[in-house]
Each structure stands twice: as structure tokens, then as C-alpha cells.
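None of the values given here were measured: they were computed from a predicted structure. All chains are named by letter (A, B, ...) in the order of the sequence lines, taking the proteins before the strands, and each is independently numbered beginning at 1.
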Amino acid sequence: MLNLTLKVWRQKTSQDTGSMETYDAKNIPEEASFLEMLDIVNTRIIMSGGEPIHFDHDCREGICGSCSLTINGVPHSKEKGITTCQIHMRKFKEGDTIWIEPFRARAFPVVRDLIVDRSAMDRIIAAGGYIDVRTGSAVDANSIPISKMDADSAFDAAACIGCGACIAACKNSSAMLFTAAKVSHLGHLPQGQPERDKRVLSMVRQMDAEGFGNCTNQYECEAACPKEISVDHIARMNRDFTSALIKEQLIS
Amino acid sequence: MNALLCPITAVWNSSIGKKLLVALTGLALVLFLAGHLIGNLLIYLGAEAFDEYAKALHEALRGGGVWIARIGLLVCLVIHVAATISLTRANRAASPKYQHEAVIQATKSSRIMIWSGLTILAFVIFHLLHFTVRVDSELAEIAKASPHKMVIVGFSNGLVVLFYLIAMTLLCSHLSHGVASMFQTLGFRSRKAAPLIAFLSKGYTLVIWLGFCSIPIAIYFFHFGC
Amino acid sequence: MSFVLDSKIPAGPLDQKWSKHKMDSKLINPANKRKFTILVVGSGLAGGAAAATLSELGYKVKCFCYQDSPRRAHSIAAQGGINAAKNYQNDGDSVRRLFYDTIKGGDFRSREANVHRLAEVSVNIIDQCVAQGVPFAREYGGLLDNRSFGGAQVSRTFYARGQTGQQLLIGCYQALEKEIHKGGVEMHPRTELLDLVLVDGHAKGIIVRDLVTGKVSSHAGDAVIMATGGYGNVFFLSTNAMGCNVTAAWRAARRGALFANPCYTQIHPTCIPVSGDYQSKLTLMSESLRNDGRIWVPKSKETAEKLRKKQITADQVADDDRDYFLERKYPSFGNLSPRDISSRAAKEVCDEGRGIAPTGLGVYLDFRDATKRLGESTIRSRYGNLFQMYDKIAGEDPYKQPMMIYPAVHYTMGGLWVDYNLMSNIPGLHVLGEANFSDHGANRLGASALMQGLADGYFVIPTTIANYLATQKPGSASVNDSAFKQAEEETNSRVNQLLGINGKRTVDSFHRELGLLMWDNCGMARNKEGLEENLKRIPEIREEFWQNVRIPGAGNLANMELEKAGRVADFIEFAEVMCHDALSREESCGGHFRTEHQYTEADPEVQSGFIASGEAKRHDDTFGYVAAWQYNGNDQAPTLHKEPLIFEDVHPSVRSYK
């Protein structure tokens, strides 16, 4: 059993200013997950007449991308390749103080406490992160062979769970890794070629319009990504964007 | 006019476009640094070689060469500085602070780019006033006779040397992130090429630092050429 | 009054029913399509695919999900893969074989025509997904790779590492975002359905609550599609996401929709065991682990006791003291026996006191022999990510010690009753994916859930919904109708009632209590006594819930306790119907195992060695029907309506995996 001190960001609505509050988390089983620890704390808060700490969570197995806590300054904690829900309390020590904050970025307004609005990421995808193929119009799946290497690279990029840790970890709140992962996923596949230029231009423009910051190549995003998506995809997007911009402005 | 302005605004108004400008102008400045260093190192070959090099520079294209280079470099510098300041302002606006801050793996030099950059800018202005415009009339007189002598005299001042060394160190901090970063922004970095790029950028930075620092150190501390 | 349900299966030979039905289905003029508004609740594989496709066709679509983005629906968590009768491996697969395997796997409790249609469209799904850019695993030649999954004799499973569900959902989500961008779909994330609105007996709208502002509002449409997933969380602990709930389906049931076969629940044999009472959910370990892992417990209770107390470790147990119970009982399928059989076998040995893990509820999944045979690097390349996941959660290195696993609720085959057009008995209300009951019978085969969700969403509903819409005048319902006003008022008063209780117990404590009761008496094995006890206990829980639950905070902002409370209230009511169903189905089939109905040594099938004793015993003559329940309020038992299952093409046989 662990006894911990929590410093938690509390903010009732997006209009409120919010502040850090301190909670005692006593007798926490080491086998519990981080979110189960919060469940325990919340039960105690409710029973003592308070309102529970709100946080996003759903699958609790590291794939839905809902959970989004910044733990001791690092999105999903300093452990590599992990989401918040996959952290277990055995990684903490008796007496630890844990700082829990939402995923911060201006483009992620706080909804309540640790819940933020990440719809800007959906709008980036809506701007062009897809292959425009009508249902029912597809050719046989094996009619277009794709080299295993390309398929694997596409998968590496497609593994993104859209949690926003890359943005929250970036000192500039840049959405480059998120955007690049989609550009690179679809750009690696023959099916993605017809819209390749249009896709990168519109996605990057939407990303800029949402008020995300700019990449300064510090690669905090890669380090925080629970799926360990490589910043190579950013280099690739830079290349794609440049070539698409030149074509758009000077050629066609 | 519109046909010209359109592509420029398209580049300037996009985050990647602006970074591209930073990378390309950075590349020009990096290449200039290498040339500048090679020229400077001629000082070790003696006054004659150095003065001849200075003369050749000023006489290239009937004296136009040096101005073309100066204007080119100035344009690069202005774009580099303007774009980075604009990017930094946007970054600050985009990112609220955490109550408990932490860094996962970003290097120190990458986190002080704007400050190392602005210091270098201040240094460049001083450096130009010092050795190019020569606001010091005494130094200007010496330079007319021998640029070699000007350098020796210029670096006999301890404060100048100190500022120079600090600026060079910050320049190298700036380069150690900037050069590798350039590859990423221009889209040439990959996980496989990353070690090579790191080697190149660190190696280049080290050479630049050693090369530029060696001159004032040799002059001030070891009385080279005096 | 009980009645016989008409499933509206088209006439004609089985393999021509769907093509004929497509020909016979009504078409809507393109100019008219945009006048129809379709409300889609849920944005997983079924809902997302339906919303995107209907919008592509020109309908106006409004899509709702409780998550903050449609990309997070729980379809995302499916690991293994998706079946399709492509026969790319040339190993003898065909639409017919996929159809037969699915019918047999479902223990002959599904509709032939629906299952055949599912097998037919399975091939189009793969084409569609590849065209969308889903990065399925490929061979070096560039063609798609397949694997055999869940005991299938052919390799027909397409997969994307261990994240097939995620990749398919992202493909579907991208198609949905594309339509949102074009203006065809109006997306409402963080919005939960709280009621279905009927106008003149037709489903014409929904009442929703905005989970950020708390505002309750109405949406009117010409048809409603529910693709809201399963009800596995009635057990509190399951592999479902925390938010998965039965509310949408249950609200429809309260408005008259029939709930079919709720007792068919699937237990997955390979999950990480429960570690304590704070546990919030269970984590699935992919079934593919059973390809190389061997499942065992110690032969003696004493050894098990020592293992539980950590006095000895698993590797110290000699081979002679180990009971590889699946290999012993089912020599031909061994560790790859179907999910229901493997799960029950694990429960049996734990009930005998031979379970391991500190709670006594766990069995070993051991890779020692496979590592010896194949080398650690092969094991690492096959299961590396799964081993890593296990290590993260359980804190034990499975390369050194065997994994501990235990069955957990994973999928629910039951759901709202639908006809061949996927329309419920309420005209206009269509139900897709796990939320309906139609395709998996009493047990679902591995890699078939993704197939069904996408089949319903991409290929079935876009055709069949026109049959309903063609009979309707577009835009006939308005949120100003009295039915909407009344439903909105009812919803608001229910929310206020919940907030006003201010009792002494948390929502979770009720959910846990209900879940435990359901797991004990309506879980892996059921009997009359236990089910009757549940039917006595559940109303008591319900009563206490409405008097003693504590929901802090207000209704006009994000309030997660309030959200949970609404869902748990519905689970409690639903659980009762589930127990009624389990009680009335006096047979064992697939995911429904009644201990009274199993093969024993007295049966000739066991004596002849055809089947093992302890296997599920079906009674096709008396229970060869779909049980569709009508809710009659909390103080009355639900009414059972039957849809007889007629097998024209296959002959129901006894499933034997011996």
C-alpha cells in the first residue's frame, strides 16, 4: 500500500481560471492502475461531500486515446511507450508527490478539470486525412500489390491513437507529429497518391488555422508518443509539403 | 505582382513554409560561416597571405562581389531573424505553461535557440561595426594598411575577446541544434540517417568553434602575430 | 400477448436471397435523398460506416457519440482480425464455408439468411478497407497476408498486427470525417442518447444530453440507426471500455423495441486475472497466444495453494504434477478449443480449488515448451508486444514465468431484435453491429465482430434502409411535436431525480454489486436457483439505487457521476430481463450454459466417445428460436415473443471439439 500526495488541476468549466488542489491518496494498492488510483481517490472525495476529479478515459487498455493526463510534467508520464491508463502504481514510491495536469495547449481548451477539448485534431483529419473512396467502388484488394516495407511503414504511422500527447509534450504545442503521421500513413500507399499534394496542403493549413505552434525539432513529441511514432514522418511531411507548395504555386 | 506575391505569402503564411525559410537562410549562413572561417584561418599563414585574401575579396567583380555577398547575407539574416521571431511569438501564443514543468529529452541548446540567436545577432552587429564598418577610426587606419594587423590589434582588447568567445560558444550552441534541424525541416532526416546527421552537425559545430576561437585566443593569450 | 415475429427473409435459394433482395429493394430518387435526415447513434465500425456511406449516398446524416471523437469507439480495441471469404490462400475457403462455420460456431441459434449475407459481403469489406488505406499485413510479394484464427481450419483472417480493430475504425473514421468536411454529416461528439422518440409508433427522433454543457435537447429525423455496441458492462468487469453501456438499446426497449437473446454473452478465455476489488476493467490478451502457449493448473490443490501463496514458482512444478486440462479433455483441439469451451474448463478447475493467482481465479498460459521448440527470438517476434503488455499490467516477465489468465466477459451476442432489413419491431428504428442480435447466434467466432459491424454499416443498411424510407414522407417529424416535448421533459425529470437522491452510496458501488451478482449467477455457467436468486436480488438493488445513490454536482455541466448513474440505472433494469431470458432458455448453447443441461456419462454420445461429458446440451426441438423480450415495466415480468429458427440449408448438429 502506498501513501501519496496528489497535486491536481481543478477547473469547473472552460470559463473558470482553475488552480492546483492538493489531495491525500492513502492506502493505494500497488497493483492498481493510475486511473484506478484516481477512482479510489474520487470515491473518497464523493463520500466526503466533494465533486470528483473529472478526467477522460474509456478503453483503459491503451488504444482508444481518451486518457490524457500530464503526470509530473510529462504527458502519459515519463515511462516510454505508454498511455496514462497503462501506468501502474507500482512505478511510484511511498510518499511521492504526483502532479496531475491536463494536456495543455491553447488549441485544447479545458472542458473540466483534466478533460480537454481535442476536436481540433478531428478537424485536421477532416481537412484531408483520408482517401476519398466511395463505399462499394473499390477494386479487388489484391489487385494493387504493396511492398511489405511500405505497408509496414504506413502501419507505423497509422498506429497513432490521436491522444494528443505529442502536442501536449511540445513546448510549442505543435501538432506536427499528429498531422505528419496521417500524411505519411496515406502517402506511403499507392491508394493515397492521387490526393497526396492536396492532402498535405489542406491538413497543414488546417493545423495552422487551429492555433497549434510550430515545430522546433526537439522531438519531445516522439518521446511522449505512447505508440512511439517516429519524427521521420515529420521530415517526410516537410518534404511533401514543400513539393506540393511548389507545384501549387508555380506549376499547376 | 500578384503572381510574385502569392507564392511568397503562401510560404510565409504557413508554419512549414516559414520554417523552410529559416532552414534555407540558415543553410546559406552556415555555408558562409565555413567560407569565413577558411578565410580567417589564412591568418596563420602570415600577414601577406591574409592581406592578399582580403584584397581579393574586395576586388572580386570589380568590387561588386563583396557587395553582392553582403546584400545576400543581409537578406538571409533578415529573413532568418524575422521568421524565427514570428515563429517564436506564435509558439508562445500556442502553448500555455504547465504548473510542474519537465523536459523529456530536448537538448539545452534546442531550448535556448531564440536567446542564442539574438545574442549572435547582437554580436554580428558589433562585429560588423568593429571589423567591417570600423567605427573605431584608429582601427580603420590600421585596416587600410593591413587587415592582418587590424585583426591582431582588434583582438588585443580583453573585453572584445571575451565577448567574441561567448558569442562563438553561443553560435555553436545555436549550430548544434540548427544544423541537424535544417536536415529535418528540409525533409532529409530519417532514423537511419540520424546518426550521420548528428555526426555531421556536431563535427561541423566543433570545427567552427575551434577555428573561430583559436584566433583571438592565439592573439590575446599567446601573442600570436604581435 | 405473445406473438410470432416475422423476420422478412426473402424467398428463394439461400445464396440468392441477398442479391434478389437488393434488386427488390426500393430506391430513393437522388433529389429526394437529401430531404431525408437519418440519425445515427454510435460511431464505431457499424455506426461510423453507416453514417459515412449514407452521407455519400446523399442522405442528411446526424451522428452522435459519447466519446470526444468518433475515432475512440470501442471497435478500436479489437486485436485479432477480420474474417473474409476471399480464399486468397487457396486453402479451400468460400462464402459457403464461412457461412457454415459461423452458423456452427453460433451453435445453430442464428438466422441462415443473415449469416449467408454476412459471408457474402465479407469480401467487399476487405476491398473497401484496402482502398481506404487500411494497412493490413502483407507478404513479401505485396499481397495480403492471412492467418488462421480462433480454431478455424482455413486462413481467412486479415489483420493489422494486433490492432486490426483500430486500423479498421480509423479507416471508417476517416471516411466519416471526409463526409463531415463535405457537410453531409453533422457530428455530435460528447453527446449521449437518453431516449428514443416515437411519433405515431415510428422512431422519428432522439433525446440527447450534451456531456459538456448538460443541455438536454431533441433531434428529429426520418429514421434512427442505433449502433451502440454491446452490454458486457452489465457485469461491471469486462473487457469493454468503461463507457460502453446498454442505455440506447434499453431506452429503445422501454419504448417497445424487443430485446433478443440477452442471455447470450461471450466469455473470452485469455484475459489478465482480477487483482483486487478496486479493479475497473479487465484486459484481454489476444487469443493468438493459444497457438503456442499451453494452458495448465497443478494436479493437486496443495500445489495450487503453494503457488497462490508464492511459496513456490510455476517452473518448480514438475511436468507430472501439471494438468494440461484442455489437451486432456479435448485432444484434437487442445489449447485451441473454442472460447466458450476453454473458458468453462478454466472455471471448472478453479472451482475445484486448483486455480492459481492470488485470488485463486487464474490458470497458467505457459510458453516454456514453445520457447524450447522455437527459440526465444521466434516467440519474441510473434508475441513480443503482447508479452510487453502483460508485463506492463501484471508486472511479471512472461519470458520467465508463465502468464496467468482467466476468462472475462468480452462480447454480447444478444441485442435488439431486427428483421432482415436490420429494422427492429419499431418501424424506422434500425440496429447495427453488436447492438443487434442477428448474426452470431449463441456464440461469436473470433474475427467476426469487425466483419459484422462493417457489413451492416457499409453494405447492408445503405440498401435496406430505403425500404423503410420509401414509405415515409421526408421531414415529417419536428422537434416541436408534442412527443418530443414530452420525452424531453421525462428525460429532464429523470436527470433531476437522480441528482436529487443524494444518498450514501456511489454509482460504482451499485454497479459492482450488480456485476458481481450477474457474474456469479448469470455468467459462465447458470442454473435455475442462481437465476431465481438474481431475479429476487436485482429489484432490491434497483430499489436501493433510486433511494441511496449519491451523485454530487449539478446537471448543467460535465458530470461523470451523473452519466454513469443513468447507465447503471439502465443496466439494473436490463439485467432483470437478461436473467429472465437465461432462466427461460432451458438448454445450453454457445455462450449460454445451464448446468442442468449438459452431457453426462449417462448419455450415449458420451459413451460412444463422440463428445466429452460436461459439454453443452442443446434442445433444438424446444428452443430452436430467437427469444425476443418485451419490457413491461419494472413491476411486471417481460413478455417473451419467439422467432422460430428455420434451417433450410444446414442441419443443426452437435458441436464436438473432442
Inset, instruction - Identify which of C:R71, C:H74, C:Q163 forms the greatest number of heavy-atom pairs closer than 4.5 Å to chain A. - result: C:R71

Legend entry - Proximity breakdown for A:D150 and chain C, heavy-atom pairs closer than 4.5 Å: neither

Inset, instruction - Can you tell which part of A:L186 gets under 4.5 Å to a heavy atom of chain C, answering side chain, backbone, both or neither? - result: side chain

Legend entry - Which atoms of C:S69 approach chain A - backbone, side chain, both or neither, heavy atom under 4.5 Å: both

Legend entry - Under 4.5 Å from a heavy atom of chain A, the part of C:E139 involved: backbone

Inset, instruction - Output, in order, the C-alpha distance, side-chain angles, deciding distance and verdict of side chain to side chain contact (heavy atoms under 4.5 Å, CB included) for A:R199 and A:I131. - result: CA-CA 9 Å; A:R199 175 182 311 122; A:I131 292 169; 3.9 Å; yes

Legend entry - Heavy-atom proximity to chain C below 4.5 Å, by part of A:H54: both

Legend entry - C:L557 portion near chain A, given a 4.5 angstrom heavy-atom threshold: side chain

Legend entry - Top contributor to chain A interface from C:I125, C:L284, C:I393, C:V507 [non-hydrogen pairs under 4.5 Å]: C:I393

Inset, instruction - State whether the number of non-hydrogen atoms from other residues, nucleotides or ligands found under 6.0 Å of A:M149 atom CE is greater than 12. - result: no

Inset, instruction - For the pair A:R118 and C:D68, find out whether any cationic side-chain nitrogen is under 4.0 Å from an anionic carboxylate oxygen. - result: yes

Inset, instruction - Please confirm whether the backbone N or O of C:A408 pairs with a side-chain atom of C:H410, one donor and one acceptor, at under 3.5 Å? - result: no

Legend entry - Option that, when pairs with chain A are counted at under 4.5 Å, heavy atom only, ranks first among C:R505, C:Q67, C:M389, C:Q128: C:Q128

Legend entry - Contact leader toward chain A among C:R161, C:R550, C:K86, C:Q167, where contacts are heavy-atom pairs under 4.5 Å: C:R161

Inset, instruction - Look at the side chain of C:Q279 and the backbone N and O of C:S275, then say whether any donor-acceptor pair between them is shorter than 3.5 Å. - result: yes

Inset, instruction - May I ask you to name which of C:G395, C:G171, C:A49, C:S509 has the most heavy-atom pairs under 4.5 Å with chain A? - result: C:G395

Inset, instruction - Ignoring hydrogens and angles, tell me if any N or O in the side chain of C:D456 forms a donor-acceptor pair with the backbone of C:L454 under 3.5 Å. - result: no

Legend entry - Whether over 12 other heavy atoms sit under 6.0 Å from A:R134 CZ: no

Legend entry - Heavy-atom proximity to chain C below 4.5 Å, by part of A:I115: side chain

Legend entry - Under 3.5 Å donor-acceptor, C:S75 side chain and C:L169 backbone: no

Inset, instruction - Could you tell me which portion of A:K12 (side chain, backbone, both or neither) has an atom closer than 4.5 angstrom to a non-hydrogen atom of chain C? - result: both

Inset, instruction - Select, from A:S137, A:G129, A:A154, the one with the greatest count of heavy-atom pairs under 4.5 Å involving chain C. - result: A:G129

Legend entry - Enclosure of A:K148 NZ (heavy-atom neighbours >12, cutoff 6.0 Å): yes

Legend entry - Heavy-atom contact with chain C under 4.5 Å, split by part of A:I28: neither

Inset, instruction - Against chain C, label A:H188 side chain, backbone, both or neither, depending on which of its atoms sit under 4.5 Å from a heavy atom there. - result: neither

Legend entry - Which atom of C:F158 lies closest to which atom of C:T164, heavy atoms considered: O-CG2, 3.9 Å

Legend entry - Contact summary for C:E561 and A:P52, nearest pair of heavy atoms: CG-CG, 3.8 Å

Inset, instruction - Starting from the C-alpha separation in whole Å, work towards a yes-or-no answer on side chain to side chain contact (heavy atoms under 4.5 Å, CB included) for A:L177 and A:I167. - result: CA-CA 8 Å; A:L177 187 59; A:I167 294 157; over 6 Å; no

Inset, instruction - Tell me, out of C:R138, C:H181, C:M187, who's got the most heavy-atom pairs with chain A below 4.5 Å. - result: C:R138

Legend entry - side chain to side chain contact (heavy atoms under 4.5 Å, CB included) between A:Q191 and A:I144, intermediate numbers included: CA-CA 9 Å; A:Q191 292 90 332; A:I144 310 163; 4.3 Å; yes

Legend entry - Six-ring centre of C:Y66, C:R567 cation under 6.0 angstrom, axis tolerance 45°: yes

Legend entry - Contacting region of A:V133 [heavy-atom separation from chain C under 4.5 Å]: both

Legend entry - Which portion of A:S66 sits near chain C, non-hydrogen atoms under 4.5 angstrom: both

Legend entry - Contacting moiety of A:S143, where chain C heavy atoms sit under 4.5 Å: neither

Legend entry - Closest approach of C:N240 to C:N233 (non-hydrogen atoms, all atoms of both residues): CB-OD1, 3.5 Å

Legend entry - chain C contact via A:R90 - which portion, at a heavy-atom distance below 4.5 Å: side chain

Legend entry - Pairs of heavy atoms under 4.5 Å with chain C: top-ranked of A:A159, A:S147, A:G192: A:A159

Inset, instruction - Just do the side chain to side chain contact (heavy atoms under 4.5 Å, CB included) check on A:E30 and A:M1 with the steps written out, would you? - result: CA-CA 6 Å; A:E30 287 173 20; A:M1 291 286 176; over 6 Å; no

Inset, instruction - Sort out for me which of A:A127, A:P190, A:S119, A:S33 touches chain C most, counting heavy-atom pairs under 4.5 Å. - result: A:A127

Inset, instruction - Give, as side chain, backbone, both or neither, the part of C:Y88 having an atom under 4.5 angstrom from any heavy atom of chain A. - result: side chain

Legend entry - Any donor-acceptor N or O pair under 3.5 Å, side chains A:Q11, A:D16: no

Legend entry - Largest heavy-atom contact set with chain C, pairs under 4.5 Å, which of A:I125, A:D140, A:L189: A:D140

Inset, instruction - For residues A:F103 and A:H76, establish whether the separation of their ring centroids is below 6.0 Å. - result: yes

Inset, instruction - Could you have a look at A:I161, A:N142, A:D152 and say which one has the most heavy-atom pairs with chain C under 4.5 angstrom? - result: A:N142

Legend entry - Donor-acceptor pair between C:Y159 and C:D145 side chains, under 3.5 angstrom: yes

Inset, instruction - Determine which residues belonging to residues 34-41 of chain A lie within contact range of chain C, meaning some heavy atom pair is under 4.5 Å apart, and list them by number or answer 'none'. - result: A:E36, A:D39, A:I40

Inset, instruction - Counting only heavy atoms closer than 4.5 Å, note whether C:Q79 contacts chain A via side chain, backbone, both or neither. - result: side chain

Legend entry - Closest-packed option against chain C by number of heavy-atom pairs under 4.5 Å, given A:E31, A:R112, A:K91, A:R60: A:R60

Inset, instruction - Sort C:Q132 into side chain, backbone, both or neither according to what part of it lies under 4.5 angstrom from a heavy atom of chain A. - result: both

Inset, instruction - Using non-hydrogen atoms and a 4.5 Å limit, figure out which bit of C:A84 sits close to chain A: side chain, backbone, both or neither. - result: neither

Legend entry - Lys/Arg N to Asp/Glu carboxylate O, A:D56 vs C:R190, below 4.0 Å: yes

Inset, instruction - Measure distances from C:L144 to the heavy atoms of chain A and classify the residue's part below 4.5 Å as side chain, backbone, both or neither. - result: both

Legend entry - A:E51 with A:R10: basic N within carboxylate O range, under 4.0 Å: no

Legend entry - Salt bridge A:D58-C:R72, side-chain N to carboxylate O under 4.0 Å: no

Legend entry - Heavy-atom proximity to chain A below 4.5 Å, by part of C:Q166: side chain

